[in-house]
Amino acid sequence: MSDKTTQDTKQQNSVDENKLIVERREKLKALRENGNAFPNDFRRNVVAGELHAEYGNKTKEELEATPIRVKVAGRMMAQRIMGKSSFVSLQDMSGSIQLYVQRDELPEGFYNQQFKKWDLGDIIAAEGTMYKTNKGELSVKVEDIRLLTKSLRPLPDKFKGLTDQEIRYRQRYLDLIMNEDSRKTFQLRSKIVSHIREFLIKKDFLEVETPMMQVIPGGATAKPFTTYHNALDMDLYLRIAPELYLKRLVVGGFEKVFEINRNFRNEGLSARHNPEFTMIEFYEAYADYNDLMDLTESMLRSIAENVIGNTKIKYQDDEYDFAKPFARMTVKESILHFNPDVTEAELDDIEKAKAIATRLDIPLKNSYGLGKIQIEIFEKTVEHRLMNPTFITAYPTEVSPLARRNDDNPFVTDRFEFFVGGREIANGFSELNDAEDQAERFQAQVQEKEAGDDEAMFFDEDYVVALEHGMPPTAGEGIGIDRLVMLFTDSPSIRDVLLFPHMRL
RNA sequence: GGGCCGUUAGCUCAGUCGGUAGAGCAGUUGGCUUUUAACCAAUUGGUCGAGCGUUCAAGUCGCUCACGGCCCA
């Protein structure tokens with residue numbers, strides 16, 4: 001590389017270096033010359049949230065009568081300098097605490113030559129005593145204060161914050177620094193996942209991890225991502241679901257298992273879809289889909305009560321009641337309910353059902369059977385109207401290749417999907433444990449794949465062999481964690497509940 | 001994939017009929033010992049997303065593209 005090119009590269013790299021950054025780099029340079037500019041010898045003994053909880057109610061006099069020494073650290077979000085004294089807002093993981101800094105409490109010259117030159121965004125540490133200002137704000141009256149990490153780039157507007165959606169997603173750390181709502185959302189997400197985990201572990205479920213890279217991507221109908229293993233010289237797929245592995249574990253005698261982890265589907269991005277997303281799947285032997293509907297209902301109600309603290313869940317302009325028993329109806333009942341002009345006899349007749357679909361502008365393929373046509377009608381006319389928590393049951397066997405047939409009506413399976421706010425949140429069913437039936441269903445999927453449906457399933461012979469060893473009667477379910485978190489955090493887009501959503505480029 | 005909207009200083013945003021680029025915050029300098037978006041005074045800062053076109057003249061009009069947002073498939 002020639003000197004000229006090196007020069008050009010440097011120019012390129014510093015394109016976004018503005019005067020603000022140059023000034024901060026100068027300050028850092030001065031810090032380096034005065035010793036270690038990045039010390040890591042300070043240990044705090046308390047965080048802001050604890051201080052407010054402990055001392056928020058104490059009066060100014062009480063705090064002064066028995067001095068309480070504390071050591072705090074965090075990011076300087078505001079600095080109000082009034083001559084010889086200043087107020088600083090210090091933000092840490094738990095919240096904010098104000099620092100009251102007086103020139104004459106600090107070493108000679110430190111206040112004017114160091115402290116006043118610090119910038120918003122710098123990471124600082126302070127030691128002092130708990131104090132209340134005349135206006136009643138709990139503060140730390142500072143006796144010692146240090147700069148721990150120089151911030152070289154300016155923060156977004158201190159009042160308006162960061163509103164640019166693109167930067168909020170691409171530079172999530174800025175969003176987290178600036179937006180309390182965003183911090184809350186991700187803290188809640190963590191609590192929801194923990195609560196689900198504890199809920200199942202209390203019921204003796206075993207948490208497991210199964211392959212993300214699979215030879216045959218199974219357990220759902222979706223387009224997979226492909227990858228390649230060099231040493232083995234073989235193509236692999238990123239999983240679209242963990243289902244078939246978890247059921248192998250049930251065959252192995254792990255009768256209650258669950259996994260919370262990422263799935264990957266090679267589809268477009270939208271407010272509801274990210275190519276990688278988090279699902280929980282759980283399987284319970286000697287249970288059926290009715291048991292899982294009961295379990296789902298109590299689990300979600302428990303999240304509302306214990307994590308959110310309210311069974312009335314506000315989502316955008318609506319409110320859903322998680323205290324009332326969740327509605328349950330079959331696919332056909334729901335279609336008839338929302339399409340009063342349609343009769344059951346018409347839905348059961350493939351030609352008449354086709355006519356209804358055509359009237360609804362639903363594109364049909366020749367390969368579609370009656371069950372698939374019914375589901376198309378359901379998705380077009382029912383799904384988005386299922387606002388309050390609702391279980392829809394009796395999905396056609398044709399669209400449920402891994403679910404157990406209903407004993408009375410083998411046209412449908414013992415399956416449900418769960419909806420809130422017009423969105424599918426969960427999918428569960430009594431598992432198909434008849435190995436020969438499973439082999440036939442896979443065969444039907446292979447035919448659909450050959451007919452051009454690239455979302456159809458592969459034939460998983462290894463899984464059929466596992467079933468041939470005998471899987472106990474079992475029920476299993478998957479819940480989309482991202483959509484669940486969207487619901488409970490009132491987030492309009494899946495990107496708002498993913499720390500680092502996929503973006504172009 | 002289609003439709004609509006957006007992209008201007010580090011951040012948040014104005015910018016009229018096409019006529020020399022504006023504010024607040026942040027920054028810099030000075031003042032100020034109880035502030036809360038502190039305040040007062042002065043001041044620095046621009047590839048107007050990229051490109052092409054129309055025009056004497058384009059942030060502004062037209063076309064193409066990139067990225068984002070919302071809606072639809």
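Lettering follows sequence order; numbering is per chain, from 1.
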Kindly point out which of B/U33, B/U36, B/A26 is positioned nearest to the side chain of A/Leu20? B/A26
Complementary nucleotide of B/C25, counting Watson-Crick and G-U pairs under 3.5 Å: B/G10
Could you state the NZ-C1' distance from A/Lys132 to B/U36, rounded to the nearest angstrom? 15 Å
With respect to the phosphate group of B/C13, does any side-chain polar atom (N or O) of A/Thr163 fall under 4.0 Å of OP1 or OP2? yes
Measure the distance from CE on A/Met77 to P on B/C25 and round it to the nearest whole Å. 18 Å
How many angstroms lie between atom CG of A/Leu138 and atom OH of A/Tyr100, to the nearest 0.5 angstrom? 15.0 Å
At 4.0 Å (heavy atoms only), tell me whether A/Tyr100 reaches a base, stays on the sugar-phosphate, or touches nothing. base
Nearest-Å distance, CH2 (A/Trp118) to P (B/G27)? 15 Å
Assess whether one donor atom and one acceptor atom, taken from the side chain of A/Gln98 and the base of B/U35, lie less than 3.5 Å apart. yes
What is the distance, to the nearest angstrom, from the CD atom on A/Gln79 to the P atom on B/G27? 8 Å
Determine the contact category for A/Arg168: base if any of its heavy atoms lies under 4.0 Å from a base atom, sugar-phosphate if only primed atoms, P, OP1 or OP2 are that close, otherwise nothing. nothing
Pairing partner of B/C65 (Watson-Crick or G-U wobble, both distances under 3.5 Å): B/G49
Looking for any heavy atom pair under 4.0 Å, which part of the strands does A/Lys27 touch: base, sugar-phosphate only, or nothing? sugar-phosphate
Counting distance only, does the side-chain N/O of A/Gln98 pair as donor-acceptor with the main-chain N or O of A/Phe87 below 3.5 Å? no
Nearest of B/A37, B/U34, B/G10 to any side-chain atom of A/Lys60? B/U34
Just checking A/Asp164: base, sugar-phosphate only, or nothing, at a heavy-atom cut-off of under 4.0 Å? sugar-phosphate
If I pick the P atom on B/C71 and the same atom on B/U35, what distance separates them, to the nearest angstrom? 46 Å
Per A/Ile81 side chain, nearest of listed nucleotides B/C70, B/G27, B/C32: B/C32
Could you tell me the separation between the CZ atom of A/Arg504 and the P atom of B/G49, rounded to a whole number of Å? 20 Å
For A/Gly161, answer base if it contacts any base atom (sugar-phosphate contacts may also be present), sugar-phosphate if it contacts only those atoms, and nothing otherwise; contact means non-hydrogen atoms under 4.0 Å. sugar-phosphate
Do A/Asp496 and A/Arg189 sit within salt-bridge range, that is, some charged N less than 4.0 Å from a carboxylate O? no
Answer with base, sugar-phosphate or nothing: what part of the nucleic acid does A/Met503 contact at a heavy-atom distance below 4.0 Å? sugar-phosphate
Residue closer to the 5' end of RNA chain B, A/Arg272 versus A/Leu162 (nearest nucleotide): A/Leu162
Does A/Ser270 use its side chain to pair, donor to acceptor, with the backbone of A/Arg272 at less than 3.5 Å? yes
Donor-acceptor pair (no angle test) under 3.5 Å: A/Glu137 side chain, B/U36 base: yes
Starting from the C-alpha separation in whole Å, work towards a yes-or-no answer on side chain to side chain donor-acceptor pair (under 3.5 Å) for A/Thr129 and A/Arg69. CA-CA 4 Å; A/Thr129 53; A/Arg69 293 192 65 82; over 6 Å; no
Who is the Watson-Crick or G-U wobble partner of B/U55, with both distances under 3.5 Å? none
Base of B/G24 paired with side chain of A/Asp157 (donor-acceptor, under 3.5 Å): yes
Is there a donor-acceptor contact under 3.5 Å linking the side chains of A/Thr343 and A/Glu346? yes
Taking the C1' atom in each of B/A57 and B/G19, what is the distance between them to the nearest angstrom? 7 Å
Please report the distance, rounded to the nearest Å, between CE in A/Met82 and C1' in B/U34. 6 Å
When the C1' atoms of B/A50 and B/A58 are compared, how many Å lie between them, rounded to an integer? 16 Å
Check whether any side-chain N or O of A/Arg483 sits under 3.5 Å from a backbone N or O of A/Glu424 as a donor-acceptor pair, and report yes or no. yes
If you find the nucleotide of RNA chain B closest to A/Arg24 and the one closest to A/Leu155, which residue's nucleotide is nearer the 5' end? A/Leu155
B/U64 to B/G24 separation - C1' atoms, rounded to the nearest Å: 36 Å
Does A/Arg170 make a side-chain N or O approach to OP1 or OP2 of B/G68 shorter than 4.0 Å? yes
Kindly say if A/Lys84 contacts the phosphate of B/U33, meaning a side-chain N or O under 4.0 Å from OP1 or OP2. yes
Rounding to an integer number of angstrom, what distance separates B/U8 and B/G49 when you compare their C1' atoms? 10 Å
In this structure, how many angstroms lie between the P atom of B/A26 and the NZ atom of A/Lys19, rounded? 15 Å
Whole-angstrom distance between B/C25 and B/A37, as gauged at atom P: 13 Å
Heavy-atom pair of closest approach, residues A/Phe488 and A/Leu300: CZ-O, 3.9 Å
Closest heavy-atom pair, A/Ala241 versus A/Gln214, reported as atoms and distance to 0.1 Å, is O-NE2, 3.5 Å
Using whole Å, what does the distance between atom P of nucleotide B/A9 and atom NZ of A/Lys160 come to? 15 Å
Per atom distances to the A/Ser85 side chain, the nearest of B/G10, B/U33, B/U28 is B/U33
Would you kindly check whether a donor in the side chain of A/Thr133 faces an acceptor in the base of B/U35, or vice versa, at under 3.5 angstrom? yes
What's the gap between B/C61 and B/C17 when it is taken at their C1' atoms, as a whole Å value? 12 Å
So, does A/Arg495 get its side chain near the phosphate of B/G68, meaning an N or O under 4.0 Å from OP1 or OP2? no
Whole-angstrom distance between B/U34 and B/U28, as gauged at atom C1': 26 Å
Applying the Watson-Crick and G-U wobble criteria at under 3.5 Å, what pairs with B/U20? Answer none if nothing qualifies. none
Complementary nucleotide of B/U33, counting Watson-Crick and G-U pairs under 3.5 Å: none
